[in-house]
Amino acid sequence: MEYPEEDALNIYSDGSMLAGPRRGGAAILFVLVDDQGNEEQREELLVGYAGATQNQMELEAPIQALKMVTGRHPPFDPSRYRKIVIKTDATYVAENFGTAAAVWSRNGWLTREGRPVDNAPQWKELVRLAVLSSKQGKRVSIVRVPGKKSPRTKAVDKLAKASANAASPRQLKPAEVRRKRTDQHIELGSVGMEGQVMTIHIFKSEYQRLHRVSKYWYSVTSQDSPYYGRASVIYSDLHDLRRREYRIRVNDDTSNPRLVENLGEVIATDDTA
């Protein structure tokens with residue numbers, strides 16, 4: 001059984017994603033144990049967003065929690081606790097927080113392979129708020145706890161689902177999306193980068209402002225390619241490829257896939273194709 005720490009502000013955070021259409025939600029449960037061992041709680045149902053992923057909402061929950069804690073009107077008097085413990089069932093958040101603070105924040109939010117870190121603006125904000133909290137005298141740690149194993153984790157899970165159900169049409173991260181032309185799952189590295197020319201269909205595009213690159217989700221439509229039908233992700237300094245079928249040239253580094261040259265649109269499609 002999981003229990004809150006007695007000398008800390010315990011923040012239970014959770015993100016949720018629902019399909020058909022996809023939308024994400026997030027929630028927070030603040031828990032403080034008083035001098036008599038009783039729990040004081042405060043629930044926060046956060047705004048949900050259309051098109052959000054599970055990982056984005058798992059990050060959004062602790063970000064919003066720390067904004068409240070470090071702001072002018074924190075949920076509990078900071079003099080009542082000496083540290084902050086964020087508890088999440090998201091391995092993605094718990095296992096990457098240390099890397100984000102110690103490595104990604106110092107190398108331009110790039111992975112070891114040189115790719116832009118996914119959800120980099122959110123990671124950057126989470127690290128910034130954790131540093132701010134430390135400057136205010138409250139060290140922040142993030143630990144993974146099993147979901148739905150205690151009344152507190154069950155409560156925050158229920159709140160996150162409610163947030164997703166009530167999600168606004170606004171997107172957390174604007175992106176242009178259309179239907180895939182393949183039934184294969186999107187898998188980074190499934191298309192080898194060998195400097196080849198090939199035809200691809202772009203079904204999602206997203207400008208990543210922090211890195212000033214565009215991220216494209218695509219499938220290979222060249223029937224003579226050994227990667228025909230595969231779906232993957234590629235990055236580019238070319239920002240005008242918007243949901244079309246293109247003949248392109250790529251780099252020769254599969255670990256850091258780059259679209260280096262647009263050789264022209266092959267088939268123009270409308271938004272309903």
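Distance CD1/I63 to CZ/R128: 10.0 Å, rounded to 0.5 Å. Note that CE of M193 and OG of S232 are 6.5 Å apart. Values are rounded to the nearest 0.5 Å. Note that CD of Q196 and OG of S225 are 6.5 Å apart. Values are rounded to the nearest 0.5 Å. From F30, atom CZ reaches atom CE of M68 across 5.0 Å, with rounding to the nearest 0.5 Å. Distance check: D14 CG to D157 CG gives 5.0 Å after rounding to the nearest 0.5 Å.
Under the 3.5 Å distance criterion, with hydrogens and angles disregarded, a donor-acceptor pair is assigned to the side chains of T91 and R144. Between the side chains of E43 and Y12, no donor-acceptor pair is found at a separation under 3.5 Å.
Between the side chain of Q122 and the backbone N or O of D118 there is no donor-acceptor pair closer than 3.5 Å. Side-chain atoms of E113 never come within 3.5 Å of backbone atoms of N256 as a donor-acceptor pair (strictly under, hydrogens ignored). Panel note: side chain T70, backbone S133; no donor-acceptor pair is recorded below 3.5 Å.
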Chi angles and distances behind the ring pair (Phe, Tyr, Trp, His ring centres under 6.0 Å) call for Y235, W217: CA-CA 9 Å; Y235 301 88; W217 287 255; 8.3 Å; no

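A centroid separation of less than 6.0 Å is found between the aromatic rings of W123 and W104.
Closest of all the heavy-atom pairs between T182 and S219 is CG2-CB, 3.6 Å. Of all heavy-atom pairs spanning M57 and S16, the tightest one is CG-O, 4.0 Å. Residues I28 and L159 come closest through the heavy atom pair O-CD1, 4.3 Å.
Using a 4.0 Å cut-off between a side-chain N of Lys or Arg and a carboxylate O of Asp or Glu, K204 and E176 do not qualify as a salt bridge. We find that E206 and K173 are joined by a salt bridge, their nearest charged nitrogen and carboxylate oxygen being less than 4.0 Å apart. Note on R181 versus E245: salt bridge recorded, some NZ/NE/NH1/NH2 to OD/OE distance being below 4.0 Å. Between K87 and E2, at least one side-chain nitrogen of the basic residue sits less than 4.0 Å from a carboxylate oxygen of the acidic one, meeting the salt-bridge criterion. Look at R80 and E40 and you find a salt bridge, because one of the NZ, NE, NH1 or NH2 atoms lies within 4.0 Å of a carboxylate O, short of that distance. Contact check on D89 versus K148 returns no salt bridge, with no Lys/Arg side-chain nitrogen under 4.0 Å from an Asp/Glu carboxylate oxygen.
Judged by the 6.0 Å distance and 45° axis criteria, K215 is not positioned over the aromatic ring of Y207.
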